[in-house]
Structures are given as structure tokens and as C-alpha cells.
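These numbers come from the heavy atoms of this one structure, side chains and all, not from hydrogens, waters or symmetry mates. Protein chains get the first letters and strands the later ones, always in sequence-line order, with residue 1 at the start of each.
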Number of protein chains: 2
Amino acid sequence: MATAPDSGKPTAAQALAPDSGNRKASDQSIYESIYEAVLTQRLPPGSRLPEVALSELFGVSRSIIRKALTRLASDHVIEQRPNQMAMVARPDVEETRQIFAARRLVEGEVLRLTAGTLSKARLQELKRLVKDEKSAHQSGRDQDRVHCSMEVHRFLARHCPNQVLGRMMRDLVLRTSIVIALYKSPGMSACFLGDDHARLAELIAKGEGDQAAALAHRHLRALEDLLDLNEADAAIDLARILRPDA
Amino acid sequence: MATAPDSGKPTAAQALAPDSGNRKASDQSIYESIYEAVLTQRLPPGSRLPEVALSELFGVSRSIIRKALTRLASDHVIEQRPNQMAMVARPDVEETRQIFAARRLVEGEVLRLTAGTLSKARLQELKRLVKDEKSAHQSGRDQDRVHCSMEVHRFLARHCPNQVLGRMMRDLVLRTSIVIALYKSPGMSACFLGDDHARLAELIAKGEGDQAAALAHRHLRALEDLLDLNEADAAIDLARILRPDA
DNA sequence: CCGCCATGCGGTGTATACATTTCGGGCTCG
DNA sequence: CGAGCCCGAAATGTATACACCGCATGGCGG
């Protein structure tokens with residue numbers, strides 16, 4: 001069989017194309033390009049990332065690419081196996097549940113710490129993001145909506161007084177995005193649950209940390225419940241491979 | 001001045017010497033060697049890690065060393081600044097407080113999840129570690145005591161049902177070890193507070209997750225309070241540099 | 001016709017050569 | 001005598017060459 005048994009493994013060329021114009025990119029900018037592409041689901045889980053292709057794309061040698069890939073692997077963005085091409089991570093169901101549990105814990109505390117500490121200008125920015133997300137949702141620009149939705153959470157992570165926790169939350173937001181792309185039911189409007197984000201911004205502005213944390217907890221629980229996490233275990237993979245007709 | 005203004009910057013040769021026998025070490029083993037050396041405080045904060053020296057020590061080329069160093073930097077074990085030698089991280093006071101706060105949050109949840117889930121054999125191992133720590137303490141083998149103390153926490157992180165949280169805790173334990181080495185008052189018996197570890201093991205065995213979390217919370221708070229975190233701000237550094245006599 | 005092995009290709013793993021930067025010692029000039 | 005400049009040693013940054021590995025292909029033999 002030429003086609004892969006599991007989810008597709010497209011090449012990275014297309015999803016990263018907008019960045020190819022940046023000649024002589026540093027390993028930091030390459031890291032961010034791939035990170036962003038994975039975050040916004042332009043690079044779906046399982047996408048292959050050949051070093052040579054990337055080095056030509058970004059106009060640097062493989063040394064730089066390898067450094068960027070090593071860092072991405074450390075952040076659980078990609079998986080690297082010996083003598084094999086790196087690919088965007090595909091966490092299993094168990095890890096997915098753990099990611100959600102960890103994020104509920106960390107994001108809750110981040111919100112408690114952040115509530116009431118943001119300047120007026122920062123609150124403006126936050127509400128701007130929420131508004132942009134809503135408008136993107138209403139005009140059906142799904143790519144933009146996902147981007148803004150992620151940015152809401154990343155904004156809160158970035159401005160948390162405890163940057164150690166903030167950094168953890170940043171990583172968990174990315175991994176959440178990956179597992180949503182992996183396990184979302186077809187057609188679900190991922191991560192747009194009513195105006196949770198708007199209400200969250202309101203609670204953050206008013207300094208209601210505990211209520212913000214509780215809201216985020218429900219938000220993430222609802223999100224997890226929307227995913228196809230029941231059947232899709234390793235058993236399914238095996239069954240589909242061994243009995244492609246059924 | 002030949003002597004550095006801040007804490008010492010010894011070369012890495014001595015602390016890593018026991019590993020030099022392993023010719024042709026992989027980047028994974030090099031990563032672990034340095035990680036372990038930092039964890040047990042054989043490599044104090046600020047230690048310099050020149051790539052060429054390490055490559056000769058381990059008998060590999062700089063490529064491998066650079067990969068290991070990149071990963072260590074991702075885990076906040078070392079700091080890498082452009083065109084400068086890597087050195088073991090030296091978090092400032094603010095980051096230190098954030099590390100403790102993050103660890104209280106994460107370790108608390110890890111203990112809640114782990115309590116009551118360990119097999120008899122695993123509980124044996126845990127109590128063995130606690131006993132070894134105590135005996136090392138009583139015979140004054142400080143190196144061994146630190147090692148066992150770290151291993152108690154790492155053991156719990158490794159066997160947490162939620163491995164995403166477990167991995168976070170592993171990283172936080174290391175960073176805690178670093179800041180203890182940095183800020184401990186001279187002569188304090190770092191991280192040996194009564195029989196907290198023994199009582200912790202007891203609560204884990206009995207499945208008392210909440211009580212275990214509460215104990216760890218107090219344990220970590222007490223540990224943080226033992227550190228010199230009041231004065232030692234950037235102001236001190238500046239004062240010492242500008243007025244070496246006072 | 002089916003299955004097995006050899007071989008080529010495309011990928012990563014590692015070492016090394018060379019460019020560039022930093023930092024310090026020592027010379028020179030004011 | 002002191003301040004500033006120059007330069008070289010030693011470190012990192014980058015590119016590249018080559019070895020090795022895995023996989024797919026296609027020919028060959030049963």
C-alpha cells in the first residue's frame with residue numbers, strides 16, 4: 001500500500017510557504033514558523049518534516065534546521081525517532097487526557113494569578129482578540145478564528161505574573177491544539193464554545209480570579225468532551241489496518 | 001580582575017570526570033550526565049560548559065555536544081547566549097519564587113493523583129530511598145543525601161499516572177535544586193526537613209492524596225523560607241561589582 | 001504467479017573545515 | 001603614567017562532506 005495507514009503525512013512545503021521568502025532565517029525564526037504552523041493547524045499531526053526540504057525552504061544548512069527541530073522535539077511539538085523523518089506529534093488518547101488535565105490545573109492557576117493585574121491597555125488588547133475571534137467565526141474564516149482563539153490563551157499565558165507557569169501554559173495550549181486537530185469530530189466548530197472567551201476576559205478584568213479559573217475549567221472540560229476519545233484507541237487502528245473493508 | 005564578580009565559574013572537567021570513561025557517548029547519555037551533575041549540585045550554578053572541552057571529555061564531536069546543550073537549554077538547565085559559553089542556569093530571585101510557586105501547584109496535584117496507586121514493590125522502593133536519605137544524613141555524606149532527596153521527588157514524578165504533569169514536576173525538581181544551591185544560607189542542611197519525606201511516603205501509601213499534597217505544600221514553603229531571597233537582588237550584584245572593598 | 005533478495009535512493013547521524021565573534025594582554029601614543 | 005587600540009587565542013556559528021540506515025522497487029528464482 002502506498003497510502004499511509006493512519007492520518008495523512010503531507011509534506012511541509014505548502015503550509016510553510018509564506019515564510020520561504022525570509023532568506024537566511026535564524027533557528028529561532030524557523031522554530032517559530034513551524035511552531036506557529038502547528039499551532040494554527042496548518043501543519044496537521046503526522047506531517048513530515050524532512051531536514052533537507054526545510055533547509056532549502058529557509059535557505060540555511062541542515063545544522064540550523066536540526067537545532068530548530070531539536071528544540072521543537074523538546075517542546076513536544078514534533079516527534080523524532082532515530083534515522084526517521086521528524087513529524088508533527090500525534091499523542092495517543094491517554095496522553096490527550098493527561099494534557100487536558102494538566103492544562104486545567106495550570107491554566108486555572110494562571111488565571112487566578114493574572115486576574116486583576118492587567119493594565120487598561122492590556123485589557124484592550126485582550127478584548128480586541130476576543131472580538132476578532134467572534135467576527136472571524138461569524139464570517140466563517142476558520143483559519144483566523146483558530147488563530148485568535150489560540151492567541152487569547154497565549155496572551156493570558158504571556159502576561160501571567162508567574163512566567164514559569166506561563167511558559168508551561170504556552171506549551172500546553174499548543175499540545176491542546178494538536179490533539180484537537182487529531183481527535184475533533186468532523187464539522188465541530190473547534191474551541192468556539194459560546195462566548196466563553198468574552199466572559200473570561202470580563203472576569204479577568206474584574207479581578208475575579210477564582211471564577212475565571214472555574215470558567216476555564218468548564219471550558220476545557222467541555223472541549224475535551226467534544227473530542228472522539230472513546231473508541232479511537234490503538235484497537236481501532238489495528239482493526240482498520242487489518243480489515244479495511246469493515 | 002581575574003576572579004568573577006558573582007558566584008564561581010569552574011570548568012566542568014572535574015564534576016563530569018567519572019563519565020569520561022564512556023567513550024563514544026550518545027547525546028542522550030551526555031544530556032543525562034550533565035543533568036545528573038547539575039541535579040546533585042556537583043555542577044554549581046554558573047559553571048561554564050565549553051563545547052570543545054566536553055567533546056574531548058566524551059570523545060565525540062561538537063555536533064553531539066551541541067545537541068545535548070540545546071536540549072539542556074530547552075529544559076532550563078543551562079543558559080545559552082549567542083557567541084558565549086553555555087553555563088549552568090542562575091535564576092534570579094523573582095524566577096526562584098515563581099519556580100517554588102509552580103512546583104507547589106504541580107507537585108500537589110501529582111501527589112493527589114499518585115496516592116494509592118503504587119504497587120507494593122514500588123512502595124518498597126520509595127521507602128528504601130527515604131531510608132537511604134536518612135542514613136546518608138546521619139553519616140554526614142551530604143552528596144548522597146542530596147541525591148536521595150532528589151530521587152524521592154523524582155520517583156514520585158516518574159510514577160504519577162499523569163505523565164505530562166510528571167514530566168513538568170521532574171523539570172521543576174531540577175530547577176528547585178539549582179536555586180537551592182544558589183541561595184542556600186551557608187551551612188543549612190538543604191532539603192532535609194525532619195522526616196517530611198518519610199511521612200510523605202506514608203501518606204502516599206495510605207492513599208491520603210490531599211494530606212500528602214498539603215504536607216508537600218508546607219515542605220516546599222519551609223524550604224523556600226530557608227533561602228536567602230530578601231537582599232540578594234540585582235542591587236547587591238551591582239554594589240559588589242562597583243565597590244569590591246565594601 | 002507469488003515471494004524473496006539485491007540494489008538504489010533518499011533520508012538522517014556524525015565529523016570536520018572554515019568563518020565569525022569575544023575577550024584579554026600588551027603595545028603605543030598622548 | 002594612563003588610556004586607548006591592536007591583535008591573537010579560543011570560543012561559538014555555519015556549512016558541507018561522507019558514512020550509515022531504512023524503505024521501496026524491480027528482477028530473479030521457486
Report the distance from atom [atom1] of [X] to atom [atom2] of [N], rounded to the nearest whole Å.
X	N	atom1	atom2	result
A:Gln84	D:dA24	CD	P	11 Å
B:Asp27	C:dA15	CG	P	11 Å
B:Arg81	C:dT21	CZ	P	17 Å
B:Glu51	C:dT20	CD	C1'	14 Å
B:Ile65	C:dG13	CD1	P	16 Å
A:Gln28	D:dG13	CD	C1'	16 Å
A:Lys67	D:dT12	NZ	P	11 Å
B:Leu49	D:dA10	CG	P	19 Å

Within 45 degrees of the ring normal and closer than 6.0 Å to the centroid, is that where the cationic atom of B:Arg170 sits relative to B:Tyr35?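 Because its charged atom sits under 6.0 Å from the ring centre and within 45° of the axis, B:Arg170 does stack over B:Tyr35.
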For the CZ atom on A:Arg141, are there more than 12 heavy atoms of other groups (residues, nucleotides or ligands in this structure) within a distance under 6.0 Å?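 Count over threshold, so yes.
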From A:Gln41, A:Glu36, A:Glu133, residue fulfilling side-chain hydrogen bond (donor to acceptor under 3.5 Å, both in side chains) relative to A:His147: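 The passing option is A:Glu36.
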Out of D:dC18, D:dA15, D:dT12, which nucleotide sits closest to the side chain of A:Arg62?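 Among the listed nucleotides, the one closest to the side chain of A:Arg62 is D:dC18.
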Closest to the B:Arg66 side chain: C:dA15, D:dG13, D:dT16?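 Ranking C:dA15, D:dG13, D:dT16 by closest atom to the B:Arg66 side chain puts D:dG13 first.
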Going by atom types alone, do A:Tyr31 and A:Asp75 pair a side-chain donor with an acceptor below 3.5 Å?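 There is such a pair between these side chains.
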Go nucleotide by nucleotide along DNA chain D from the 5' end; which of A:Asn83 and A:Ile64 gets its closest nucleotide reached first?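 Residue closer to the 5' terminus by nearest nucleotide: A:Ile64.
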Find which nucleotide of DNA chain D each of B:Met85 and A:Ser63 is nearest to by heavy atoms, and output the residue with the more 5' nucleotide.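 The 5'-side residue here is B:Met85.
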